[in-house]
Amino acid sequence: MENKKMGWKELPDADSMSAGTSTEFKTGDWRSQRPVFHKENCIHCLRCWVMCPDVSIIVKDGKVMGYDYDHCKGCGICASECPINKKVEFEKDKCAITMADEKEFQK
Amino acid sequence: MATLKELAKKPEYFTNGHRGCAGCGAAIVARHVLMATDGNVVVANATGCLEVFSTIFPFTAWNVPFIHNAFENAAATISGVEACYQSLKAQKRYDKEVKFIAFGGDGGTYDIGLQALSGAMERGHDMLYVCYDNGAYMNTGIQRSSATPKGANTTTAPAGKVEQGKTQKRKDFTAILVAHHIPYVAQAVVGDWADLTRKVEKALSIKGPTFINVFQPCRLGWGYEPSRTIEMGRLAKETCFWPVFEVENGVYKLNYNPKDRKKPITEFLKPQSRFKHLFKEENKPLLEEIQKDVDQEWQRMLKICEAT
């Protein structure tokens, strides 16, 4: 997850550029909290996907597949908006999304 | 209206990797607005948070044609592009259906971009202007704007011994746009994707200038937990601080009415550190005044909806 800065020789010539290139820039290392997806509890309502400001929830054929940890900034909107989490009142074993300390994954 | 499963099949027109804060509301606004389109849109953006964090050279988060010109002229820029498109179409040199959307923050819309926006709306260009209103100049360091609510602590209207944050009321900007007699004006909020995407679809289906004012919580300037962005938007709606309505050809229609479940304004103010000073014992009268203002505005809103 390294973002190499471009030198003046590599930078594009004019102000017109191709679209949607920011996805090449990884923002995952901003994260201090990591959302963890528990597939067995998910009902695939896609509320987390629609509310994510960083388009970091991977959806395939209408089903949540997990997280794009290269871009997720760990804001935690997904966990706080998840209707399952609200229903089980954030009881850890029954949640569909839990937030964990990012440090534990960096060891 | 499309369901979430249908929306998820569309390509992302606003991609990840932008440099917005964790839990940024402006990114959610951009995503939801573009989600409601078919991708055949040209976007112009006023200077502001959204423009700065989404287009850091040499990257861009926009998967659609995007123009940034200056702070004050997003509406003028997009109206020029639209006029060019209409001309090419009349000359039969171009035949694709294209929609035009301009984004501006509250600084670029309420204050700096007002005359360009007013002009574009009056000339009747076929365009949609989306204002993401977060209530201050968040990009440059949280300076007060005319959208900043009364009592909010900002860097240019700080809360201290003499003043308790901004002393003036915020401007009712949506009413100014209604006064332009354009076909469609609406107010929406971050957190209600169904309402916002429906409004965008409706606005784009109407020929002529349209305007949507989206209330957008800003985790940096407001000072709340990043995970609560959606909740804050919802609270603004539920406390009636930000009425959610639409005006079609001068006819007001309320989209959300809590009736007797209207929450006290303190529920919206409490999680935000910019209103921290209002909860001191000596500022109680100010807090009551803010509640009174909200109630008054809400009653006025109900009356207007009834009258039209």
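Chain A is the first sequence line, chain B the second, and so forth, proteins listed ahead of strands; every chain is numbered from 1.
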Turns out that what part of A/Trp49 lies under 4.5 Å from chain B's heavy atoms comes down to both
Is the number of heavy atoms from other residues, nucleotides or ligands under 6.0 Å of B/Glu267 CD greater than 12?
-> yes
B/Arg19 and A/Phe25, any side-chain heavy atoms less than 4.5 Å apart | yes
Heavy atoms from other residues, nucleotides or ligands near NZ of A/Lys94 exceed 12 (cutoff 6.0 Å) = no
Mind ranking B/Asn63, B/Ile28, B/Leu4, B/Thr60 by heavy-atom pairs under 4.5 Å with chain A and telling me who comes out on top?
-> B/Thr60
Rounded to the nearest 0.5 Å, what separation is found between the OG atom of B/Ser227 and the CD atom of A/Gln33?
-> 9.0 Å
Looking only at non-hydrogen atoms, find the nearest pair between A/Cys75 and B/Ala22 and report the distance.
-> CB-C, 3.5 Å
Contact summary for B/Gly23 and A/Ile77, nearest pair of heavy atoms | CA-CD1, 3.8 Å
B/Phe59 and A/Ser22 have their tightest heavy-atom pair at CB-CA, 3.8 Å
Quick one: which residues of residues 80-92 of chain A reach chain B at under 4.5 angstrom, heavy atoms only?
-> A/Ser80, A/Glu81, A/Lys86
Which of residues 50-60 of chain A get closer than 4.5 angstrom to chain B, counting heavy atoms alone?
-> A/Val50, A/Met51, A/Cys52, A/Pro53, A/Asp54, A/Val55, A/Val59
Between A/Thr23 and B/Gly17, is there a donor-acceptor pair closer than 3.5 Å when you use the side chain of the first and the backbone of the second?
-> no
Within residues 228-244 of chain B, the residues sitting under 4.5 Å from chain A by heavy atom, in sequence order, are B/Thr229, B/Ile230, B/Glu231, B/Arg234
Please report the closest heavy-atom contact between A/Ala19 and B/Trp62, naming both atoms and the distance.
-> CB-O, 3.3 Å
Of the listed residues (B/Lys9, B/His32, B/Arg219), which shares the most heavy-atom pairs with chain A below a 4.5 Å separation?
-> B/His32
Might you confirm whether atom NZ of B/Lys270 has over 12 heavy atoms from other residues, nucleotides or ligands at distances under 6.0 Å?
-> no
Is the side chain of B/Lys5 donor-acceptor paired with the backbone N or O of A/Cys45 at a distance under 3.5 Å, no angle test?
-> no
Please check if atom NZ in B/Lys262 has more than 12 non-hydrogen atoms from other residues, nucleotides or ligands closer than 6.0 Å.
-> yes
Partners of A/Ser32 by side chain to side chain contact (heavy atoms under 4.5 Å, CB included), sequence neighbours excluded?
-> none
At a heavy-atom separation under 4.5 Å, does B/Ile56 approach chain A through its side chain, its backbone, both, or neither?
-> neither
A/Asp68 versus chain B, heavy atoms under 4.5 Å apart: side chain, backbone, both or neither?
-> side chain
